Protein chains: 2
Amino acid sequence: MENPTLQEAEATIREALARRKCLIVVGNCWVEYHGRASSKLESGERILIVKEDGSLLVHRAKGYEPVNWQPPGCIFQTMIENETLIVKAIRRKPAEHVKVFFNKIYMVSALSLKDTGTFSLYASEEDMQKAILAEPWLVEEGFKPIAYEKKVEPGFVDVYGVDSEGNFVVVEIKRKTAGREAAFQLARYVDAIKGMVNRPVRGILVAPSIAKGVQRTLDALNLSFKALDPRRCAEILKRSETRKLAEFFGEQHDSRS
Amino acid sequence: MENPTLQEAEATIREALARRKCLIVVGNCWVEYHGRASSKLESGERILIVKEDGSLLVHRAKGYEPVNWQPPGCIFQTMIENETLIVKAIRRKPAEHVKVFFNKIYMVSALSLKDTGTFSLYASEEDMQKAILAEPWLVEEGFKPIAYEKKVEPGFVDVYGVDSEGNFVVVEIKRKTAGREAAFQLARYVDAIKGMVNRPVRGILVAPSIAKGVQRTLDALNLSFKALDPRRCAEILKRSETRKLAEFFGEQHDSRS
DNA sequence: GAGTGGATTTCGCAT
DNA sequence: ATGCGAAGTCCACTC
């Protein structure tokens, strides 16, 4: 629908919201938000999207992020007041709402999108972890994983095992350049494990690279670094027969179970 | 433009991209991404948005987040191959690209959005900091701020000052429920300051609330907690005369300058 | 250009 | 429901 009156637009929008359709509205609007924080957006031309699951997006002409939004699960109201069409999205928990005020509407589209396609992502931190479990030499020759996502005091150790000399090894994985925080995190895990066992404990930070100066932090904390590209891990995972993983999960005992 | 042929759609899209217009395309598509990671999205009906600044969004019928995207600054190519219209967004740094393959297009809109309205946000963590600087009693009776965003080893201390007994006080601000990480962060700052001065150093975590179990962590680390609502801070800031802030910035020396 | 921390982060998973 | 950490996080800001 193009250049509808506010009344026509409201009818279409109301219908679309009731039928849980995807809605696209282009027009001149201003926006108010109150809840976790508060915000005000002055008048301008924007794109409003309301999705089937009750999420709301207000996009400006620039930027990856919506200027205002509301996550899935909202309840909607529409009304016309003073020559203004108001679309209000209300969220219960946390209690918040977004109000979009339109005084001119250029386009309204109500869509029923059929979309069952699967989305798959490769080269996440989880892929790196799986690759290391399948091919432990990626960390170090002779490394043998014992458990993963092992609970220790401050949180969960990504991978935990022994090296060729029988020392315990704590592995912390980052999928991108590791900063100082990663080193501190690993240090906390190593300390926690040290307090539990009676053997030397080494810490290895696995990441594609480390930020400048972090090597010094690692040295001071007596930790080491192993370069590993998440994309290479995805490749290795693909090549590495599923059998290997199956063996691991079969023979080794999953610490989470 | 509704239900165009792929050729008609391509002409419109090419034109819109060349003129840096905002583009909305609704159709059946599949998507590939390669770069920092890789992803594949199978066939389905989605909304593609390309903005003036060269950002790209592919939205499904559900969810706040785009399933695929590209941040601002992309270069675009379009082509038709095997009855398929391909929109390709290329980013130089980091090197990555998204390809959207359409085999059916329901709608194409090329828009020139006029949008100069200002966006303002209230009650951010920064607002809490300003409120504390303007009204230090919010932290504790007798607290006197000395500096803010002070650089110490691990990072920046939110606010730094002295209490009524002359002890140094490090304040860590969180805008929402503080987790264990916040306690650790504060502990690191306190330790860092302790190494620099010859007086007792206290650490106060300021947040609307703390997560379950964090009180125990705070106790163990000898830190305390002060409840403070960011919304209230925004209120106080509004009421608190700008004069007070001006005084502070005039008399005290901004540690950042 | 890299590093650091915040976000109305969102999202998913585990407790 | 809550807590916790990852994210192709994005983004703003400092160095």
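Heavy-atom basis, side chains included; hydrogens, waters and symmetry copies ignored. Since the model is a prediction, treat every value here as computed from it, not as a measurement. Below, read A as the first sequence line, B as the second, and so on, with proteins coming before strands; counting in each chain starts at 1.
- Sequence order on DNA chain D of the closest nucleotides to A:Ile173 and A:Lys93 puts A:Lys93 first from the 5' end.
- Annotation: proximity of residues 36-48 of chain B to DNA chain C (heavy atom, distance under 4.0 Å) is found for no residue.
- Atom CZ of B:Arg216 sits about 11.0 Å away from atom CG of B:Leu221, to the nearest 0.5 Å.
- Salt-bridge annotation for A:Arg232 and A:Glu235: absent, with no side-chain N of the basic residue lying under 4.0 Å from a carboxylate O of the acidic one.
- Within the nucleic acid shown, B:Phe119 comes within 4.0 Å of at least one base atom, counting heavy atoms only.
- The distance between atom OH of B:Tyr122 and atom P of C:dG6, rounded to the nearest whole Å, is 23 Å.
- One interatomic measurement links the two molecules: CZ of A:Arg231 to P of D:dG8, which rounds to 14 Å at whole-angstrom precision.
- Taking side-chain N and O atoms only, B:Arg180 has no distance below 4.0 Å to OP1 or OP2 of D:dG3.
- An OP1 or OP2 oxygen of D:dA6 is reached within less than 4.0 angstrom by a side-chain nitrogen or oxygen of A:Lys174.
- With sequence neighbours left out, the side-chain contact (heavy atoms from CB on, under 4.5 Å) criterion links B:Lys212 to no other residue.
- A gap of 14 Å separates the C1' atoms of D:dA6 and D:dC10, to the nearest Å.
- Annotation: of the two residues near DNA chain C, A:Ala211 and B:Glu126, the 5′-most nearest-nucleotide partner is A:Ala211.
- Legend: residues meeting side chain to side chain donor-acceptor pair (under 3.5 Å) with A:Thr177, ordered by chain and number and at least two apart, are A:Ser209.
- Within residues 52-75 of chain A, the residues that place at least one heavy atom under 4.0 Å from DNA chain D are, in residue-number order, A:Tyr64, A:Glu65.
- Rounded to whole angstrom, the span from the CD atom of A:Gln129 across to the C1' atom of C:dG12 amounts to 15 Å.
- At whole-Å resolution of the value, CZ in B:Arg188 and C1' in C:dG5 are 12 Å apart.
- Using P as the reference atom, C:dT4 and C:dT8 are 23 Å apart when rounded to the nearest Å.
- Scored by the side chain to side chain donor-acceptor pair (under 3.5 Å) test, A:Asn28 finds A:Ser43, A:Asn103 as partners (sequence neighbours excluded).
- To the nearest angstrom, C1' of D:dG5 lies 12 Å from NZ of B:Lys176.
- Using modelled atom types and a 3.5 Å distance limit, the side chains of A:His34 and A:Lys99 yield no donor-acceptor pair.
- When the C1' atom of D:dG3 is taken as reference, atom CD of B:Gln215 falls 17 Å away, rounded to whole Å.
- Protein atom CZ of B:Arg91 is 12 Å distant from nucleotide atom C1' of D:dC11, rounded to whole Å.
- OP1 or OP2 of D:dT9 has at least one side-chain nitrogen or oxygen of A:Arg175 nearer than 4.0 Å.
- The ring pair (Phe, Tyr, Trp, His ring centres under 6.0 Å) test applied to B:Tyr122 returns no partner, not counting sequence neighbours.
- Comparing C:dA7, D:dG8, D:dA6 by their closest approach to the side chain of B:Tyr33 singles out D:dG8.
- Applying the side-chain contact (heavy atoms from CB on, under 4.5 Å) rule to A:Cys233 yields the partners A:Met128, A:Ala131, A:Leu228; only residues at least two apart in sequence or on another chain are considered.
- B:Asp127 pairs by the side chain to side chain donor-acceptor pair (under 3.5 Å) definition with nothing, not counting sequence neighbours.
- In this structure A:Arg36 satisfies the salt bridge (charged side-chain N to carboxylate O under 4.0 Å, His left out) test together with A:Glu96, sequence neighbours excluded.
- Between the C1' atoms of D:dC11 and D:dA7, the separation comes to 14 Å (whole Å).
- The distance from atom OH of A:Tyr148 to atom P of C:dC13 is 13 Å, rounded to the nearest whole Å.
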